[in-house]
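Report on one structure; see the data block that follows.
Not measured: the values here are computed from a predicted model.
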Amino acid sequence: MTHFKHFAKQMLQWRGRLILAVALAVFSAMGLGVGLLSLGPALALILNPESGLALPELAQQFNAENHFVSVPDWFIAQLPAERFDGVVFILIGVGCLTVIGGIANFLHSYLSGWIAVHTVARVRKQAFGHVLGLELGRVLRSGASEFISRIVRDAEALQAGLTVLMGKSVAHFSKGIAAFIVACVFDVRLVVIAILVLPILAIVLQKIGRRIRKGSKTSLAVQQELLRISNEAVQGLRAVKVNTAEHSIENKFSSENDRLIKAEMKVRIARALMSPLMEILSIIVLGTLAAIAAKSIIDGALDFDRFLLSIGSLAVAGGSLRPLSGMVAQIQASEAPAERLQDILTTPLEDETQRQPISPHAKTIVFDEVTFTYEDATKPSINGVSLTIKHGECVAIVGPNGSGKTTLLSMLPRLLTPQSGIISIDSVDISEVDLHSLRSQIGVVTQETVLFRGTIAENIRFGIDATMEQVREAAEHAHAAEFIEAMDGTYEANIYESGTSLSGGQRQRLAIARAMLRDPAILILDEATSQIDTESEALINDTLDRFCESRTVLIIAHRLSTVQMADRIVVLDNGELVDTGTHEELLSRCDVYTRLAQTQLVTSTDD
């Protein structure tokens, strides 16, 4: 239970509310204890109509027996002298205690729930923020569904455990202890016998708890896989339908669903075993106590009324403590999600140390013998690439599919980290600078445009603060203003998740507007105009020509018109730098580029 304890301790940040919640539970339990103790005098008044004593006399008799506590004289003076009035007095007192105890119980439940909800909300926020700070490669390897499942589902399961820990378990435990103490007051000998069953109970709970933890962990892992399959199928529904893959996806989902049923049933069986086992142990204990008490009553060593009160108090204690078995199971089940959440929070961030900010780019970008290999890959994606790019230069990077173009440029904003070699901006190693300051001067437009549910304006100014005038200007430069202003709501129009309410070309224009709004010193265009028609491409290229003045631009493109606008072309093949030069120079001497120009670099008229 190490991981669950770690998060349970975080509830201490609301120490005042926590202490008050426990105090209210104890107060409610004390009301129960006082009510049980009052049954003795009530029974004495009712069951002994001839020889019974009134409440003041019972109180004085109690004080004469030199108990640990005594009834104050001022309180005795207020007690009714008539026996019937005494019964009514006790019943009214018990009723008042019940009402006060109910209010205390409600406040305890409310405070416990408040603490659990806010603790898990804080954990959820920490986990989400931590995932945003993880290295991109780590997230891509595990998949988005894994992290979403842990942040949402595992946090919910953890909250259930914390709620039980601070809520019902404290209330039931305190009431059980109060009733147990009352039973000791009536007859401690019977209570000692009842305690003997506790070691057996502890062993049973430990065995079953281990099965519940293991089953819960498996269940969460399978739920995570179901979430992944569901996300991929729904997000790729177009591909599923056109490839008639519905049956295949459904079979995959069904298989994981069956695994989830098996895992859940193991947990359910373990939980279901707890209740009957507790009942069996309770019957054994009560039967043993009844036999011993019967022998003591027959021998005259035990009064029947004290036996009745003792057994009754033990029954109340058992009734209060019995649900704890199910609560222990719930807490045990919360260990698995707690472990998975803590695994996220202990994963190293991509930039955990304090570093100096980097100055705005003004001289050169240098790749010096850079090598990068993806995990589980048999060969490097980038192998010993050395390249120098001057400030203000426009460089196009071309190569066959899989030659490492995107990988190379992904290392510049440190989305990927090379295993060897150095990347420097203005002679400063980018691995030694503050990550936020590095990325703040880099604008990136990719072929797969990522948009978020929200307004057009929110998506353009994504990540930065900008006025509406600046947003409109960026949209005009990206030739997006025309279609935006034709929409109902213009810049305040809402777009669907992932931008599915827009065409591919419209999404790319918004991405270009977003990059222009950042006013970056370095602009990376990865197939930035691949989904835009020829006429719009010509207009955007003209805009980019003006926008890219005094900026360093790195372009990955398959269109010849885009490549030819570059000052220099870099050719990659199998992760290695093959040649650099202008279009005409490369055609005359570079076989790889010649093949690309003939087969992959399409002209605008071909579009």
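Contacts classified as side chain to side chain donor-acceptor pair (under 3.5 Å) and involving residues 154-163 (residues at least two apart or in different chains) are given here: D154-R340.
Counting heavy atoms from C-beta on, the side chains of K379 and N574 come closer than 4.5 Å. Between I382 and T371 the shortest side-chain heavy-atom distance does not fall below 4.5 Å. Residues V366 and L387 form no side-chain contact, since every pair of their non-hydrogen atoms from C-beta on lies 4.5 Å or further apart. Side-chain contact between V385 and E576: absent, with no pair of heavy atoms (C-beta onward) separated by less than 4.5 Å. You'll find the side chain of T582 stays beyond 4.5 Å of the side chain of I569, heavy atoms only. Contact check for V445 versus I524: no side-chain heavy atoms found under the 4.5 Å cut-off. Contact of the L412 side chain with the I425 side chain is registered, since non-hydrogen atoms from C-beta on lie closer than 4.5 Å. Taking 4.5 Å as the limit, every side-chain heavy atom of V578 sits out of range of all side-chain heavy atoms of L572.
Nearest heavy atom pair, residue D426 against residue P360, reads OD2-O, 3.5 Å. Closest non-hydrogen pair, G443 versus P520, comes out as N-CB, 3.3 Å. The shortest non-hydrogen separation linking I423 to D429 is O-OD1, 3.4 Å. The two residues S403 and P400 make their nearest non-hydrogen contact at OG-O, 2.8 Å. The two residues S410 and P413 make their nearest non-hydrogen contact at O-CD, 3.5 Å. Scanning all heavy atoms of the two residues, the minimum distance from L510 to A480 falls at CD2-CB, 4.4 Å.
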message = Run the side chain to side chain contact (heavy atoms under 4.5 Å, CB included) test on T552 and I365 for me, step by step, so that the C-alpha distance in whole Å, both residues' side-chain angles and the decisive distance to 0.1 Å come before the verdict.
response = CA-CA 9 Å; T552 302; I365 299 172; 3.9 Å; yes
key: side chain to side chain contact (heavy atoms under 4.5 Å, CB included) evaluation trace for M487 with I456   = CA-CA 10 Å; M487 296 175 66; I456 295 286; 4.3 Å; yes
ask   = Run the side chain to side chain contact (heavy atoms under 4.5 Å, CB included) check on R589 and D579 step by step: do they pass?
value = CA-CA 9 Å; R589 69 179 185 229; D579 203 347; 2.9 Å; yes
query = Between H118 and Q10, does a side chain to side chain contact (heavy atoms under 4.5 Å, CB included) hold up when you go through it step by step?
reply = CA-CA 10 Å; H118 282 75; Q10 294 194 22; over 6 Å; no
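Classification of R150 and D343 as a salt-bridged pair holds, one side-chain N sitting under 4.0 Å from a carboxylate O.
A donor-acceptor contact closer than 3.5 angstrom links the side chains of D526 and T406. For the residue pair R122/Q13, the side-chain donor-acceptor check at 3.5 Å is satisfied. Side-chain N/O atoms of T364 and H391 include no donor and acceptor closer than 3.5 Å.
One distance of note links CZ of R259 with OG1 of T218; it measures 8.0 Å at 0.5 Å rounding. To the nearest 0.5 Å, the span separating CG on L158 from OG1 on T119 amounts to 9.0 Å. One finds the CZ atom of F4 at 4.5 Å from the CG atom of L162 (value rounded to the nearest 0.5 Å). One finds the SG atom of C590 at 11.5 Å from the CD atom of E585 (value rounded to the nearest 0.5 Å). Put simply, CD1 on I464 and CD on Q470 are 7.5 Å apart, with the number rounded to the nearest 0.5 Å. For the atom pair CD of E339 and CZ of F7, the computed distance is 10.5 Å after rounding to the nearest 0.5 Å.
Here the side chain of D434 pairs a donor or acceptor atom with the backbone of H436 at under 3.5 angstrom. A donor-acceptor distance shorter than 3.5 angstrom exists from the side chain of S334 to the backbone of A157, with no hydrogens or angles considered. No donor-acceptor pair under 3.5 Å is formed between the side chain of D368 and the backbone N or O of S386. Side-chain N or O atoms of E458 include one that pairs as donor or acceptor with a backbone N or O of T455 at under 3.5 Å. Of the possible donor and acceptor atoms, none in the side chain of E492 sits under 3.5 Å from a partner among the backbone N and O of A457. R439 places a side-chain N or O within donor-acceptor distance of the main-chain N or O of R414, the cut-off being under 3.5 Å. Under a 3.5 Å cut-off, the side chain of E393 and the backbone N or O of K390 do form a donor-acceptor pair. A donor-acceptor contact shorter than 3.5 Å is absent between the side chain of H361 and the backbone of Q441. Side chain of E485 to backbone of E482: no donor-acceptor contact under 3.5 angstrom is found. Put simply, the side chain of R461 gets close to the backbone of A466: a donor and an acceptor are under 3.5 Å apart.
Across L586, I556, L596, a single residue satisfies side-chain contact (heavy atoms from CB on, under 4.5 Å) together with V398, and that is L596. When each of L409, I555, L577 is tested with I397 by the rule side-chain contact (heavy atoms from CB on, under 4.5 Å), just one qualifies, namely L409.
Other residues, nucleotides and ligands contribute more than 12 heavy atoms inside 6.0 Å of the CG atom of N251. Within a 6.0 Å sphere centred on CZ of F483, other residues, nucleotides and ligands contribute more than 12 heavy atoms.
Contacts of Y491 classified as ring pair (Phe, Tyr, Trp, His ring centres under 6.0 Å), with partners at least two apart in sequence or in another chain: none.
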